[in-house]
Amino acid sequence: MDEALKRLDEAYSLGEQELQHLLGEDLDQMAETAEQRNRLVKEALRVSTVELTEDNEAEFLEKVRRLERQHGMLFTEARKLHKRLREDLAKLKKENKRITAYHGAHRPTPLIRYHYLNKQS
């Protein structure tokens with residue numbers, strides 16, 4: 001059971017690193033850290049199902065609850081980043097439309113308006 005508790009502590013530590021990467025908008029590092037944290041939690045749960053006793057059950061549950069609270073914080077920060085990125089994307093789309101409109105406006109008026117000549121005149 002000590003192994004499971006140790007892995008949960010390591011997962012919590014990785015969660016803190018993941019939060020720092022998320023706040024720093026280093027998404028590649030955040031994803032890598034999240035995968036490591038996920039692997040550690042799965043291993044801890046696998047080990048705990050074999051070795052869980054009444055003596056260490058309370059400590060194990062407290063660590064799981066702590067990870068749950070941390071996951072909530074990570075989720076909240078990820079949603080904030082997602083919202084901010086979505087707003088930035090909308091601004092870029094507006095800017096792109098504006099620039100595209102200027103592209104059509106700067107073309108000079110052609111000297112010959114009619115492409116076909118009237119042969120009767």
Engineer: Any side-chain heavy atom of Leu5 sitting closer than 4.5 Å to one from Glu62?
Structural biologist: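 Sidechains of Glu62 and Leu5: no contact.
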Engineer: Would you mind reporting whether Leu67 and Gln70 have side-chain heavy atoms less than 4.5 Å apart?
Structural biologist: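 The answer is yes, as the side chains (C-beta and beyond) meet within the 4.5 Å cut-off.
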Engineer: Out of curiosity, Gln36 CD to Glu18 CD, how far, rounded to the nearest 0.5 Å?
Structural biologist: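 Here the rounded value is 10.0 Å.
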Engineer: Could you give the distance from CZ (Arg7) to CD (Glu43), rounded to the nearest 0.5 Å?
Structural biologist: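 The CD atom of Glu43 is 4.5 Å from CZ of Arg7, to the nearest 0.5 Å.
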Engineer: Donor-acceptor pair, Gln17 side chain versus Thr33 backbone, under 3.5 Å?
Structural biologist: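 Checking the backbone N and O of Thr33 against the side chain of Gln17, no donor-acceptor pair under 3.5 Å is found.
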Engineer: Side-chain contact test, heavy atoms from C-beta onward, threshold under 4.5 Å: evaluate it for Arg79 versus Lys83 and give yes or no.
Structural biologist: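 Not touching, per the 4.5 Å side-chain cut-off.
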Engineer: Is there a path of hydrophobic side-chain contacts, each under 4.5 Å between heavy atoms, that joins Tyr12 and Leu19?
Structural biologist: no
Engineer: Run Arg66 and Asp9 through side chain to side chain contact (heavy atoms under 4.5 Å, CB included) and show every step you take.
Structural biologist: CA-CA 10 Å; Arg66 187 174 71 165; Asp9 286 335; 3.1 Å; yes
Engineer: So, taking the atom named CG in Asp28 and the one named CG in Asp26, what distance separates them when rounded to the nearest 0.5 Å?
Structural biologist: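 Reported to 0.5 Å precision, the distance equals 6.5 Å.
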Engineer: Applying the side chain to side chain contact (heavy atoms under 4.5 Å, CB included) criterion to Arg37, which one of Glu16, Glu10, His71 satisfies it?
Structural biologist: His71
Engineer: So does Glu68 have more than 12 non-hydrogen atoms from other groups sitting under 6.0 Å from CD?
Structural biologist: no
Engineer: Do you know which two heavy atoms are closest between Leu45 and Phe60, and how far apart they sit?
Structural biologist: CD2-CZ, 3.8 Å
Engineer: Would you give the length of the straight line joining atom CD of Glu3 to atom CG of Leu8, rounded to the nearest 0.5 angstrom?
Structural biologist: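 Reported value, rounded in 0.5 Å steps: 10.5 Å.
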Engineer: Nearest 0.5 Å, please: how far is NE2 in His21 from CD in Gln29?
Structural biologist: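 Between atom CD of Gln29 and atom NE2 of His21 there are 5.0 Å.
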Engineer: So, for Leu22 and Ala78, which heavy atoms are closest and what is the spacing to 0.1 Å?
Structural biologist: CD2-N, 3.5 Å
Engineer: Please test Glu25 against Arg84 for salt bridge (charged side-chain N to carboxylate O under 4.0 Å, His left out), starting from the C-alpha separation and ending with a verdict.
Structural biologist: CA-CA 11 Å; Glu25 296 183 11; Arg84 198 167 51 244; 3.0 Å; yes
Engineer: Identify the heavy atoms of Ala11 and Leu40 that sit nearest to each other, and give their distance.
Structural biologist: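 Shortest heavy-atom contact: N-CD1, 3.9 Å.
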Engineer: Is the shortest side-chain heavy-atom distance between Leu92 and Asn96 below 4.5 Å?
Structural biologist: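 No - every pair of side-chain heavy atoms lies 4.5 Å or more apart.
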Engineer: To the nearest 0.5 angstrom, please state how far the CG atom of Asp88 sits from the CD atom of Glu95.
Structural biologist: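 The CG atom of Asp88 sits 12.5 Å away from the CD atom of Glu95.
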Engineer: Should Leu81 and Leu27 count as side-chain neighbours, where that means a heavy-atom distance under 4.5 Å?
Structural biologist: yes
Engineer: Are Arg39 and Glu35 within salt-bridge range, i.e. N to O under 4.0 Å?
Structural biologist: no
Engineer: Are any of the side-chain nitrogens in Glu87 or Lys91 under 4.0 Å away from the carboxylate oxygens of its partner?
Structural biologist: no
